[in-house]
Structure formats: C-alpha cells, structure tokens
Amino acid sequence: MEKKRILTGDRPTGRLHIGHYFGSLKKRVEMQESDKYDSYILIADVQALTDNFNNPEKVRKNVREVAMDYLSVGIDPKKTTIYIQSMIPEVAELTVFYSNLVTIARLQRNPTVKTEIAQKRDLFGESVTYGFLGYPVSQAADITAFEGELVPVGEDQLPLIEQAREIVRKFNNIYGKVLIEPQAVLSSGKRIKGLDGNEKMGKSLGNAIYLSDSEEEITKKVMSALTDPNRIKKDDLGNPDICMVAYYHNLFSTKEEVKTVCEECKGGKRGCVACKKQLAKNIIEELRPIREKRAYYEQHPEEVDKILMEGTKKAQKVAKDTIKRVKKAMKLDYET
Ligand code: TRP
Ligand code: SF4
C-alpha cells in the first residue's frame, strides 16, 4: 500500500510550549510511528516573516529553537522529514502561479486571516500587507509542493485548508489534473488554557510553560497560576472548577491525585501552596525526558543543523519534481 503523505508545520516565532505539545506534537509523533504515513514537517520561516517582516533576527533564531523542540518530543528525523521553508524556492514560484487563481475578496473573507488581522492591529494598523493577506496562497503552495494528502491541523486552520482545496480544484480545471487535493485532519489533541485562565496559551500572553523551561522556571510559573480567587485561608471551601492548578492537575497528575485534590479543595482541607508544589513536581517529572533531550541538542547545535539540512535536501527533490509537472501543465516548460 502506498503511504499517504502528511504535511504539517509551524511558524518559527517562538519556542514551543505545552499547548503545542498536547495540541499537535503528541499527535505528530504518533502518526510518524504508523507505516501508513510519510510525514513532512516544515518550519515556515517565510510565512513567519509575513507578520514579523520587521524582525528577521527573531525568525532566524527560532528556526533552530523549533527544530530542537521537535527533536526533544520525539520527532525522529529518520522517519519524519523536517525542512526549512525558505530553502524551497519552488514554494515561492507556486505561490506566484496560484495567486492568479484566488481573488482578493476571497482572501479577505477567510476567517483565519480575518481573525489574525484583527489581532495584529499593532503591526498592520488599518491596512494589511499584500504578503500577509496572501499567506493562505503560500500555504497552499507548501502543501501541494509536497503532494500533501493529509494536513493535521487545529480547528483555527481549517479555512486555510479549504482555501488550498479551492486553489487546487481551480488549477486542475484550467491546466489539467496535476495537483493533489489535500484533506484536513482535525488533530484530536486538546487545546489547553494558559496559566492565567486565558483560553489560549501563548507567548504574547506570558502564560505558557515551555518544553525548554528549567525546573525552577516551571515551579515559579505554577506558583503564579490562577487559583480560586475566593479562597484566602486554607479552610475556606474551594472550587477546583475555576482553578487553573486543578485544571493542570488533570493533565499531569494521576487520577487518584486529581480526586484527592478536588475533594480536599472543596472540603477546605488543602492549602494552595502545597497543591501547586505537587503540581509543579508532576509537570517537572513529565517533561524531564523532553528537557534532557533538548539540553543534549542545545549542546550539539551542529547535529541540529545537519538534520535540518538533510531534511531540506530531501524536500528539495520532491518540490523540484512537482514544479516540473506544474510548469509543463502551464506551458512554461522551456527547459529541455
Ligand atoms: N499556518 C501554520 C501556523 O500558523 C504554519 C504552516 C505553514 C502550515 N504552512 C503549513 C501548517 C502547511 C500546515 C501545512 O503555524
Ligand atoms: Fe486550586 Fe488546589 Fe487551591 Fe483548590 S487547593 S484552589 S485546586 S490550588
């Protein structure tokens, strides 16, 4: 049976946190272990520049950080091809070709783009760049350059995949059936809230625990997590449903521990400080193998670079093959 190609990726704008871990990384590791799939992961540095064009240093630095995060959670370069987007010029070429197949109005209606533009008022003001508005087109190029059949994404990315499918259908209608129409796979991973109770964990919100955080950093962050605000003394009856510490106990502690936490909290028999310390200990233990693996790569940056270059070389071959067929279909095949 032919393996299905899976394509996923991240913008390298910061190190990855436990939100990424539960939301997508765990799932990627799981899929990489199945012999039904051939996994590609792109580090989308060109896409990262669409909303960080004024900060190239940040993007550059985070390409390696994100690569180390991948390796530390168990993405295995022998099984998964990890590559750098900007080193695949064919993706930029495809983006130009596809830009004729999508209208400005359609991009402006894309819900993901709309939401992001609203969030990035600081950067764009009232008028968004051509590059940012068009990033769904380059994402369609990312996927189709590698004949990505399955794209595991979170709910927020679904409109981008829908847009890619439209572009593919239009291309195939006009130029002949060259491209493969990708399918979104909703990653069943959980979306986890921030330490402050915010719906989203994120760097800009300062409410994240990173895979690379030290034991001290984890403890400090857990100690500052939002608890039931009505609880002042230990014997006040608490409500774990509105406490982020209880929420994270659910993710990192055993079932019995969670049961005890909730019962003691509700009965006013549990101090918040002790409760947080116990949680911090559990998070530290769970993340230990990841942290240790990451520390190894931090000390061996040349190995990380080598993995990236080998993955990228392999990816370049695939993209070259696609662009050849695309150009032939578009009557742009001058090379003999
Ligand atoms: N848009 C994704 C993000 O927000 C990154 C990305 C770029 C991507 N190209 C992709 C994801 C292709 C899946 C497939 O981080
Ligand atoms: Fe939260 Fe634990 Fe304090 Fe209850 S005892 S409010 S669960 S930190």
Side-chain angles (χ1 to χ4, degrees), residues 5-14 16 19-20 23-25 28 39-52 59 62 66 83-86 88 91 94-95 110 112-113 115-116 119 132 135-146 148-161 163-164 182-185 187 195 197 202 222-250 253 257-280 315:
R5 170 98 22 98
I6 298 188
L7 196 117
T8 58
D10 296 282
R11 291 183 208 171
T13 54
L16 303 183
H20 296 112
S24 59
L25 298 174
R28 289 182 195 171
S39 300
Y40 275 60
I41 300 186
L42 85 151
I43 303 184
D45 57 347
V46 178
Q47 191 178 106
L49 285 167
T50 61
D51 58 341
N52 290 277
V59 175
N62 282 306
V66 167
Y83 68 94
I84 302 176
Q85 185 188 31
S86 63
I88 316 290
V91 166
L94 289 174
T95 304
N110 185 309
T112 310
V113 177
T115 311
E116 283 188 86
Q119 287 164 353
F132 190 80
Y135 97 75
V137 184
S138 84
Q139 187 147 328
D142 284 332
I143 297 167
T144 52
F146 297 93
E149 276 187 81
L150 301 178
V151 187
V153 286
E155 202 136 346
D156 58 318
Q157 297 270 310
L158 285 179
L160 296 173
I161 311 306
Q163 184 128 43
Q183 239 183 329
V185 192
S187 45
L195 289 161
V222 170
M223 296 318 276
S224 74
L226 178 78
T227 56
D228 175 355
N230 301 317
R231 247 185 135 221
I232 300 166
K233 295 191 304 301
K234 182 176 164 183
D235 50 7
D236 289 340
L237 306 187
N239 178 5
D241 292 343
I242 55 169
C243 171
M244 292 317 292
V245 178
Y247 175 86
Y248 287 110
H249 268 300
N250 269 303
S253 306
E257 275 178 303
V258 173
K259 199 163 160 254
T260 313
V261 166
C262 291
E263 281 172 7
E264 290 186 358
C265 176
K266 285 184 196 155
K269 295 194 170 57
R270 191 175 183 81
C272 290
V273 173
C275 191
K276 286 170 168 175
K277 280 194 175 144
Q278 187 183 346
L279 172 65

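Whatever order the structure lists them in is the order used to number ligands and atoms, beginning at 1.
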Measure from the side-chain N and O atoms of Arg231 to the backbone N and O of Asp236, and report whether any donor-acceptor pair falls under 3.5 Å. yes
Please tabulate, one line per pair, the protein N or O atoms found under 3.5 Å from any N or O atom of ligand 1, giving the distance to one decimal.
residue: ligand 1; atom: 1 (N); partner: Gln47; partner atom: OE1; Å: 2.8
residue: ligand 1; atom: 1 (N); partner: Gln139; partner atom: OE1; Å: 2.8
residue: ligand 1; atom: 1 (N); partner: Gln157; partner atom: OE1; Å: 3.1
residue: ligand 1; atom: 4 (O); partner: Gln157; partner atom: NE2; Å: 3.3
residue: ligand 1; atom: 9 (N); partner: Asp142; partner atom: OD2; Å: 2.7
residue: ligand 1; atom: 15 (O); partner: Arg11; partner atom: N; Å: 3.3

Does the side chain of Tyr83 reach to within under 4.5 Å of the side chain of Ile88, using non-hydrogen atoms? yes
Main-chain N/O of Pro12 paired with Asp10 side-chain donor or acceptor, under 3.5 Å: no
Any donor-acceptor N/O pair, Gln85 side chain to Leu42 backbone, under 3.5 Å: no
Without swapping roles, check the side chain of Thr112 against the backbone of Asp156 for a donor-acceptor pair under 3.5 Å. yes
Checking Gln139 side chain against Leu160 main chain: does a donor-acceptor pair fall under 3.5 Å? no
Closer than 3.5 angstrom, by distance alone: can the side chain of Arg5 be matched with the main-chain N or O of Phe146 as a donor-acceptor pair? yes
Does His249 reach the main-chain N or O of Cys275 with its side chain, forming a donor-acceptor pair under 3.5 Å? yes
Val66 to Gly14 - nearest heavy-atom pair and separation: CG2-O, 3.5 Å
Protein-derived N, O or S atoms sitting under 2.8 Å away from atom 4 (Fe) of ligand 2 total 1
